[in-house]
Visitor: 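Dropping a structure here in structure tokens format, bear with me for questions.
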Amino acid sequence: MGDNLGGGNPDWMSRLPEELLDVPLWNLAIPGSHDSMAFCLDVSSPVLGSEPWLLRLTDRLIPCWTRPCIYRWSTTQQSVLRYQCELGVRFLDLRIARKPAGGGGLFFAHGIYTLMTVKEALEELALWLDAHPKEVIIISCSHFESLTDGDHVQLVEFILSVFSGKLCFSQDVPTLRSCWSGGQQVIVSYDNQQMEQQHPELWPSIPYWYADSPNPTRVIAYLEEQKRHGRPAGFYVSGLNLTEDARYIFLHPFQNLKTMTTKALSPLLRWTAEQRPGPEGGGVNIVCCDFVGLSRFCSIVIDLNFKLLKAAAGTSSGTQLQPG
């Protein structure tokens with residue numbers, strides 16, 4: 001697989017060896033971006049209502065200080081979804097919100113709201129998929145800050161229309177070959193049980209292993225501990241993303257999430273390169289990272305799939321590679 005940080009791996013799924021085409025997608029190693037839309041945060045927007053009350057109070061009193069600070073520590077990516085997909089990302093973490101003042105459609109949010117709307121982002125993604133018909137993307141829709149029941153109905157209707165014919169149904173066992181034969185390119189996880197139960201095109205929430213620490217050593221220790229308990233039966237995410245707390249921000253006044261991530265990448269990428277996908281207890285599936293374009297992250301995750309070749313060669317069908 002290519003290491004080119006400028007171009008990446010735009011068609012890596014279509015180039016996987018024949019032996020891997022019948023492996024369920026939850027047994028492949030798939031690169032993902034954490035908080036995928038937090039590259040276009042609006043520094044003039046208010047702090048989310050779900051943030052701690054002290055932060056919301058500070059935002060009301062001194063927004064000129066609060067919002068730039070949140071911007072520095074909530075920006076997790078640096079490029080539009082199309083470019084993330086070109087790098088090889090196939091899992092998108094979309095945290096959806098309605099702004100308190102309304103303002104035309106739904107947005108994304110991480111501490112503050114984004115400039116780009118949900119409609120704009122998903123339409124851009126649909127165009128990219130048209131140009132790459134053998135690539136399959138998993139979209140996780142979650143958080144849903146301040147959405148009404150009506151918002152959910154409209155959002156799901158839009159998802160069904162914009163990805164019309166491309167959606168993989170939740171009762172399927174998706175493999176690359178099965179997706180290609182049905183023209184399916186999109187798996188939508190929707191973290192709202194009522195909507196998910198009403199629409200067979202929507203998948204349940206995908207578990208996300210998340211250490212909630214600014215220390216890469218602790219992140220790795222947490223992921224190792226989780227692995228000892230065994231992996232979930234379907235899709236799941238191992239999060240390499242670091243998380244700052246108030247103390248960390250206070251002690252590092254000139255840093256931001258990007259500098260913190262850059263310093264921590266080496267041990268996190270070393271750990272990733274040692275993993276293997278598959279149904280076994282420690283098998284990784286989706287691996288998520290902040291600032292996916294800063295390193296060889298996507299190529300490292302994609303290359304893990306070649307560790308499956310030996311196992312896949314011993315079976316005529318990928319069904320034996322499903323977790324029990």
Side-chain angles (χ1 to χ4, degrees), residues 33-81 84 92-122 139-152 154-155 190-192 205 208 210-215 219 237 239-262 264 288-292:
S33 58
H34 167 249
D35 251 307
S36 308
M37 287 299 299
F39 60 84
C40 61
L41 296 175
D42 181 3
V43 79
S44 68
S45 89
V47 169
L48 267 64
S50 56
E51 291 295 324
W53 70 269
L54 187 59
L55 188 59
R56 284 182 283 127
L57 176 64
T58 311
D59 183 51
R60 281 201 291 273
L61 296 174
I62 42 171
C64 57
W65 178 84
T66 312
R67 293 173 192 179
C69 181
I70 292 173
Y71 180 88
R72 290 206 324 272
W73 289 100
S74 294
T75 296
T76 57
Q77 302 299 337
Q78 53 189 6
S79 57
V80 295
L81 297 186
Q84 293 181 37
L92 298 170
D93 173 20
L94 304 183
R95 304 183 182 198
I96 296 169
R98 172 171 286 290
K99 290 182 178 179
L106 300 176
F107 292 79
F108 305 94
H110 190 213
I112 51 181
Y113 300 88
T114 58
L115 291 161
M116 187 178 280
T117 66
V118 171
K119 188 172 183 286
E120 290 168 334
L122 294 184
I139 301 170
S140 172
C141 300
S142 67
H143 288 61
F144 302 123
E145 172 99 10
S146 301
L147 264 68
T148 64
D149 290 345
D151 288 332
H152 279 292
Q154 289 185 11
L155 175 57
Y190 200 90
D191 192 13
N192 178 288
S205 177
Y208 194 116
Y210 164 62
D212 195 15
S213 171
N215 184 331
V219 171
V237 179
L240 301 182
N241 45 293
L242 306 177
T243 308
E244 78 291 344
D245 53 22
R247 181 174 180 273
Y248 190 95
I249 293 173
F250 181 75
L251 293 175
H252 301 83
F254 302 110
Q255 268 200 35
N256 55 39
L257 190 62
K258 186 175 179 181
T259 56
M260 183 172 84
T261 300
T262 305
C288 269
C289 192
D290 289 327
F291 301 103
V292 290

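Start at 1 with the first residue, then count along the sequence.
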Visitor: List in chain and number order the residues that pass side-chain hydrogen bond (donor to acceptor under 3.5 Å, both in side chains) with Gln154, two or more places apart in sequence or in another chain; answer none if no residue qualifies.
Guide: none
Visitor: What is the distance from atom CG of Leu122 to atom CE of Met116, rounded to the nearest 0.5 Å?
Guide: 10.5 Å
Visitor: Do Glu244 and Met260 touch side chain to side chain, with heavy atoms closer than 4.5 Å?
Guide: yes
Visitor: Keeping the roles fixed (side chain from Gln77, backbone from His34), state whether a donor-acceptor pair exists under 3.5 Å.
Guide: yes
Visitor: Any chance you could measure Ser45, atom OG, to Leu115, atom CG, to the nearest 0.5 Å?
Guide: 8.0 Å
Visitor: Backbone N or O of Leu92 within a donor-acceptor pair of the Ser36 side chain at under 3.5 Å?
Guide: no
Visitor: Kindly say whether the aromatic ring centers of Tyr190 and His152 come within a distance under 6.0 Å.
Guide: yes
Visitor: Applying side-chain hydrogen bond (donor to acceptor under 3.5 Å, both in side chains), which residue pairs with at least one partner in residues 65-75 are found, sequence neighbours left out?
Guide: Asp59-Arg67
Visitor: With distance as the sole criterion, is a donor-acceptor pair present between the side chains of Gln84 and Ser33 under 3.5 Å?
Guide: yes
Visitor: Please check: side-chain N/O of Thr76 versus main-chain N/O of Asp35, any donor-acceptor pairing under 3.5 Å?
Guide: yes
Visitor: Tell me yes or no: between the side chains of Tyr113 and Glu145, is some donor less than 3.5 Å from an acceptor?
Guide: no
Visitor: Applying side chain to side chain contact (heavy atoms under 4.5 Å, CB included), name anything that partners Ser146, two or more places apart in sequence or on another chain.
Guide: Arg98
Visitor: Going by the angle between their ring planes, with limits at 30° and 60°, are Tyr248 and His252 parallel, tilted or perpendicular?
Guide: parallel
Visitor: Indicate whether the side chain of Asn215 and that of Ser213 have a donor and an acceptor atom separated by less than 3.5 Å.
Guide: no
Visitor: Can a side-chain donor-acceptor contact be found between Tyr208 and Ser140 if the only test is distance below 3.5 angstrom?
Guide: no
